[in-house]
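Values below: every heavy atom of this structure, side chains too, minus hydrogens, waters and symmetry copies. Lettering of chains follows the sequences in order, A, B, ..., and the numbering in each one begins at 1.
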Protein chains: 4
Amino acid sequence: MNFSSDNAYGAWPEIVTALGAAAQGAAASYGYDLLTAKVRTRLCELFERDVAVFPVISGTAANVLALATLTPPHGAIFCHCESHVAVDECGAAEFFTHGAKLVGLEGEDAKLVPATLQRALAHFQKGFVHHSQPAALTITQSTELGTVYQPGEIAALSALAHAHGMKVHMDGARFANALAGLGCTPAEASWRAGVDVLSFGATKNGALGAEAVIFFHHEDVKDFEYRRKKAGHLLSKMRFVSAQLDAYLTGRRWLEHAARANELARRLANGLGKVPGAELAHPVQANAVFVRLPDRVLVRLRDKGAAFYDWGPSVGGRTLVRLVVSFATPEKDVEQFLNVANS
Amino acid sequence: MNFSSDNAYGAWPEIVTALGAAAQGAAASYGYDLLTAKVRTRLCELFERDVAVFPVISGTAANVLALATLTPPHGAIFCHCESHVAVDECGAAEFFTHGAKLVGLEGEDAKLVPATLQRALAHFQKGFVHHSQPAALTITQSTELGTVYQPGEIAALSALAHAHGMKVHMDGARFANALAGLGCTPAEASWRAGVDVLSFGATKNGALGAEAVIFFHHEDVKDFEYRRKKAGHLLSKMRFVSAQLDAYLTGRRWLEHAARANELARRLANGLGKVPGAELAHPVQANAVFVRLPDRVLVRLRDKGAAFYDWGPSVGGRTLVRLVVSFATPEKDVEQFLNVANS
Amino acid sequence: MNFSSDNAYGAWPEIVTALGAAAQGAAASYGYDLLTAKVRTRLCELFERDVAVFPVISGTAANVLALATLTPPHGAIFCHCESHVAVDECGAAEFFTHGAKLVGLEGEDAKLVPATLQRALAHFQKGFVHHSQPAALTITQSTELGTVYQPGEIAALSALAHAHGMKVHMDGARFANALAGLGCTPAEASWRAGVDVLSFGATKNGALGAEAVIFFHHEDVKDFEYRRKKAGHLLSKMRFVSAQLDAYLTGRRWLEHAARANELARRLANGLGKVPGAELAHPVQANAVFVRLPDRVLVRLRDKGAAFYDWGPSVGGRTLVRLVVSFATPEKDVEQFLNVANS
Amino acid sequence: MNFSSDNAYGAWPEIVTALGAAAQGAAASYGYDLLTAKVRTRLCELFERDVAVFPVISGTAANVLALATLTPPHGAIFCHCESHVAVDECGAAEFFTHGAKLVGLEGEDAKLVPATLQRALAHFQKGFVHHSQPAALTITQSTELGTVYQPGEIAALSALAHAHGMKVHMDGARFANALAGLGCTPAEASWRAGVDVLSFGATKNGALGAEAVIFFHHEDVKDFEYRRKKAGHLLSKMRFVSAQLDAYLTGRRWLEHAARANELARRLANGLGKVPGAELAHPVQANAVFVRLPDRVLVRLRDKGAAFYDWGPSVGGRTLVRLVVSFATPEKDVEQFLNVANS
């Protein structure tokens, strides 16, 4: 019963098989191989647009290489104050941008709204050399609290950001889970809503370590390739990242895995709703459940081997916990978890 | 007939199999898994010492994370002027160290000798705030020109470096090929000869993308783990890097693969020696051959599909080329190459 | 009637005279001159302690060189969200620290209180590699809103910071104004209250460009001198910064100038208190007045040549403005300002 | 008898007087004052062109802020291997550029020639992501060894640099001394010969601490102002740097002072030529003399109070020393030095 994170689970067998196939023979290094080209073709089709694609092996790398390309050292990056890039990357964005300022904004359910961004922007005087200059907005989809932006919500944020000369980045470490819940096309959830660059994640949904930085406008790529190289993120045997992405994007499996995880998360939420004293903290729109549960229930669950993170201290006998369902979480684990919780 | 680089070839089947096994079930993230612990145990045994081990996915990452840990921003790093870190990492060391100075030194066959280092050190006044302060020496084993340092040569360089308060790093992207040629133990070729930190490479010798930064003294580790995280090089599913290293280090396969590649390189060198007008540029001590060949021979080879890099412009009808043999280069390719060259 | 900033005014004649004297003859460069040594002696006496002293020419340089010495790239610096280092230095701290995280905290009158810091620290898990690690607390004295910390308030913050392994930095760009208001010794307002490093400002109170970074504990100096050099802040003719500081610290003139400015600020505040519709926004404890005034009064003042900054947009016919009194602001300007405001 | 450096001497009385005048009353901060505007006007006239001018307080700041504006993190900067930026700035260029590579080239008398640059460029493959990309050439005028580039020599280097898409920076810490020797106009010695950005030094020739970064093409300025601010080099009371530059540029005094220093250096060189065993190491074309002198002569000179630097170890009973003459070196010191040397 491991609900600690979606990165606790391994990888799809189809992806491992693809690695085995890619392991044969010789190929061009550093991304000049055919698999890397194929991944780009797949993503162009998927996003209905000519996109620039750069595979990397971690979400942090994808996020901060993208943000550093969009943001000069004197720039400011606006993000949610609970976002991964602000809280869980140990200052990687500040490092890769050479000192840009990360501005963390409040927002319900880990989502930003235009009014908050507007208020924040008022503190940054354009062309005033003492102030970091607004350069990028980054939003997470699905969010760190398991919620999902609607395309219209993204569009409203993007419009405001663009009106202030900023670029829009989306941290899509769980883009699959968001999309599975939205029921719209990848294009609608990204560039059609104003997103300029997407960190398209595959790791959390079943790759070993594979993310694609997708630029929707070629002119935004600028010196990205040098940045990736200079950061040690250009792999000599790039084909092995691309092979993962190629297998990941074959058919609709990536969306089905995400949809299944989302469905199990909803089941978990519904089931926990019946536990006396339980309270959902955020809407369950993707594959994570944030729920306050009585501490004695939590003890019981952990005694039975359940793994998950507390999301704050115990208050009044209850603790907020995070439960994440992955592509590979066994259905029976969900059932057992609910049984123990309700017992 | 691909002799362009040892990273042109794929991966061992045993390593792919190990990935398949690791893909099952749940495990702790970010290097707290059992496979990562096992790799450390293996490397402690292999190096006959309690070492600190940090898996990463690229040689550049291994090198510059190690060097940045050893070198403050006001430090100087001494290296060969043809070393990978000086020439082929696009300033990664300068970036990760926040502006340390890379001092490239001359040396025959891409090897440094103490006298050259001594002369260079004379230009850096200790404690003089205007001068970058000597902090690290980095050497490559086997070198970028296919030669190998003897343990005694390493020890002499290390002794000089240590006498000046510097740490010694070894770029062991091809450590296996060096060791296969030396016939000594890993310990003798590293810490017993004064090496403080080793970038232990597996990628070029048959992993998909796996290197281990090995600190031989725990006190040198300092903030390495934060640096790795901050650079996007701490993988959530670390087990997949460790699984590669674990399979790589099982038995003596890694040394056998390297020995075979070395042997084929020697055969290539010997065979090419019979080509009229051919001249070996450097001793062949590992898996690379640097040879001047008549341009008409090179045209003939490329016409037959041989891939390799020129290592300089054509001079007097001959061009210096690099031929690299990998763990998977077919023996018949070597024979065919020699046949075409001698035809 | 220039109340725009205390840096709008020039310099004391005594300081210019000292520069003239220092301009004669030859002296050692880069801070090895006698004047620089003398400044250190003066500051040791003034602070009743053996301190390390490093003159620089700007407050931003003093702050961020000090903070970068205290904070590793993976560190977090806690500050008030309206502090100069957070808002008005264009990401200098992030640049000099190579990507440390600046954590801006709320606090009335631009002052921090321990409870707020305590709450913020709860979000940073010690030793957790994903989180920036608390490394420094920086407070401003007098604050950006013209208020002053009492020694006891500083001591409480310092105790909490130290208990979490953090160092305490004080941005004393207006340390003179704070001290003039406090009526305690420099030692009581700094290291006796737990401050580890002080940016001791002279520029705003009448130097041309001179600040001293004062380390109260020699072991904290670490690589500060290399950082200063590497940033272009080690002046060859350092004696000219030291000459300013030497003249500045001669007798009690620096405190008298500050006391006079504070007194004029209070007079301004009292006088403006009688303007119908006026409202003081913050206690006037140093040389700055933050007051809401009717827009028609502001128009009248600017028509008569008064210069000052709005501190926000007009709300309900009134605007918050900042009025800063310097060491050289003519008393008659204060009177004229009050006459126009009350007319 | 202080010949240690031209920065050992103080400042012109006219410059101190100008500071006294600037110390009066209120003025706009951060470079919006009238003196800063006047300096720009003066430099536009002097250089016969509409130039962008940014005063800073140190030569290192001028050099590395300029170079960082011209060079991306993945760029390479070509310089002489004995240049100040390569040897005496503790890696400042690497820090400000966020990891660009400084490529030090050989060249007689500290001067570069096109053939050497051409050879070096051959090692940097354009668009090859593994190689730092040539971005800037920096030359020093007059050089660190007291020699001077002719306009034609500069033009040849610039043409080559521009042909490779690089910008040309000139470190003019001793631009006055070079110009005094050349007998051409400032324009001919800079932009007419292809220089894009000039660090125009005044400190060494008699200012307290004042240099101007001069961009000859406005489009090259890019984010320079943010970089200056972010580095703590934007002074609040900028007028005091500008006042120095304004007084410095009044009339032809700056050239007369430099010419006088050059003349004394020549006299020194001529007189030392008569010392048995003396040997000039480099042509004396500006205000520095590099000469090998018998060690017993050097002992005698130092016994009499002469200050100067050894420029290497004693070899065969002689040592290479550097003697620098400043704007304020007394003529009698030169005579006394020669008397002692020849006695």
*asked:* Are the side chains of D/Cys90 and B/His74 in contact, using a 4.5 Å heavy-atom criterion?
replied: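 They are in contact (side-chain heavy atoms under 4.5 Å apart), so the answer is yes.
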*Is the closest side-chain heavy-atom distance between D/His123 and B/Val87 below 4.5 Å?*
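No, their side chains stay 4.5 Å or more apart.
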*Name, in order of residue number, those residues of residues 98-119 of chain D that have a heavy atom at a distance of less than 4.5 Å from a heavy atom in chain B; otherwise write 'none'.*
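Result: D/His98, D/Gly99, D/Ala100, D/Lys101, D/Leu102.
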*Using a heavy-atom distance cut-off of less than 4.5 Å, which residues of residues 169-178 of chain D contact chain B?*
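Under the 4.5 Å heavy-atom cut-off, nothing qualifies.
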*Using non-hydrogen atoms and a 4.5 Å limit, figure out which bit of B/Phe128 sits close to chain D: side chain, backbone, both or neither.*
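Side chain of B/Phe128 only, per the 4.5 Å heavy-atom cut-off to chain D.
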*Can you tell me how far the NE2 atom of B/His131 sits from the CD atom of D/Glu89, to the nearest 0.5 Å?*
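Here the rounded value is 11.0 Å.
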_Restricting to non-hydrogen atoms, name the atom on B/Ser132 and the atom on D/Gly91 that form the minimum distance, rounded to 0.1 Å._
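Closest approach of B/Ser132 to D/Gly91, heavy atoms only: OG-N, 3.7 Å.
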